[in-house]
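Every value quoted in this text rests on a predicted model; they were computed, and no experiment measured them.
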Amino acid sequence: MIITAINPQKKHPDRFNVFIDGSFSFSAEEFFITKFKLKEDSEISSEEISVIIKEAEFAKVYNRALAFISRRPHSQAEIIQYLKRLEVGEVTISMVLAKLKDFNFLNDREFAIWLIDQRTKVSARGKRAIVSELKQKGIDADLISELFDTPESASTEIESARALLSKKERQFSRFEPKMRNQKIKEFLARRGFSWDTIQAVLKFKDVIDENA
């Protein structure tokens, strides 16, 4: 078989369409054109074409995965779901995951720690809500328990709830004490805070109000 043309794509100039015996055969990045020394009027075998296509497709999928991760950290389960939406095969997905892990671009522990920090400090969410989100993102239950079952975790949640409540002080101040406490309970519960945390926050607030 003879390579009859190698033309750059209009929308992606760094990617080339390769024609064999006058018909389109495959496309590949410039890197692979150079790596396999592809030139017009040169011979190429079906075996060589197969190797090039496999390597080029893997590189394309891997780069898509990198671009996906660059927007924000993702869990392994999220990457798998993303690649499946692109109709990538199981073997290629496994290869992509392995390479991402080799370069530490994919690490469920680091992702879980990042998400907990974001939801605690930025979104002011409680443990219940965060645990639910971590499970939805495919984080292992044992890892979730390990990260949350610490004395620091409980105190951090209480601090987060207090900080959130202080921002909403005006919203609840117009209610009588009994109704105010009920509204606060409902508000914090919707944010995913545990009953123990809510009780601790209300007790603290009552002490502050009495001494005000």
Looking at [X] and [Y], what are the two nearest heavy atoms and their distance?
X: F193; Y: S160; answer: CZ-OG, 4.0 Å
X: A163; Y: S166; answer: O-OG, 2.6 Å
X: F111; Y: E78; answer: CZ-OE1, 3.7 Å
X: L115; Y: K137; answer: CD2-CD, 4.1 Å
X: A112; Y: L147; answer: CB-CD1, 3.6 Å

Hey, is the main chain of [Y] close enough, under 3.5 Å, to the side chain of [X] for a donor-acceptor pair?
X: N63; Y: A59; answer: yes
X: S75; Y: G138; answer: no
X: S145; Y: A141; answer: yes
X: Q9; Y: N17; answer: no

Side chain to side chain donor-acceptor pair (under 3.5 Å) with S27: of R15, H12, E57, K60, only one passes, and it is R15

Distance, nearest 0.5 Å, that separates [atom1] of [X] from [atom2] of [Y]:
X: K37; Y: E48; atom1: NZ; atom2: CD; value: 11.5 Å
X: L188; Y: I198; atom1: CG; atom2: CD1; value: 5.0 Å
X: L202; Y: N181; atom1: CG; atom2: CG; value: 5.0 Å
X: F172; Y: L165; atom1: CZ; atom2: CG; value: 6.0 Å
X: E29; Y: E55; atom1: CD; atom2: CD; value: 12.5 Å
X: I116; Y: E157; atom1: CD1; atom2: CD; value: 11.5 Å

Who are the side-chain hydrogen bond (donor to acceptor under 3.5 Å, both in side chains) partners of Q182, not counting sequence neighbours?
-> E186

Side chain proximity check, [X] to [Y], heavy atoms < 4.5 angstrom:
X: I52; Y: V18; value: no
X: K185; Y: Q199; value: yes
X: V51; Y: E47; value: no
X: I20; Y: I3; value: yes

Show which residues join V96 in its hydrophobic cluster (side-chain heavy-atom contacts under 4.5 Å, direct or indirect), or state none.
-> F58, V61, Y62, L66, F68, I69, I79, I80, Y82, L83, L86, V88, V91, I93, M95, L97, L100, F103, F105, L106

With sequence neighbours left out, which residue pairs that include part of residues 25-50 fulfil the ring-ring contact (aromatic ring centres under 6.0 Å, His included) condition?
-> none

When you group the ILVMFWY residues by side-chain heavy-atom contacts below 4.5 Å and let the links chain together, are [Y] and [X] in the same group?
X: L38; Y: M1; value: yes
X: W114; Y: I139; value: yes
X: I6; Y: I2; value: no
X: I53; Y: F19; value: no

Listed by chain and number, what are the side chain to side chain contact (heavy atoms under 4.5 Å, CB included) partners of N104, not counting sequence neighbours?
-> N107, E110

Which residues share a side chain to side chain contact (heavy atoms under 4.5 Å, CB included) with D142, sequence neighbours left out = D140

Could you tell me whether E133 and R125 make a salt bridge, using a distance below 4.0 angstrom between a side-chain N and a carboxylate O?
-> no

Going by the side-chain hydrogen bond (donor to acceptor under 3.5 Å, both in side chains) test, which pairs reach into residues 83-100, not counting sequence neighbours?
-> none

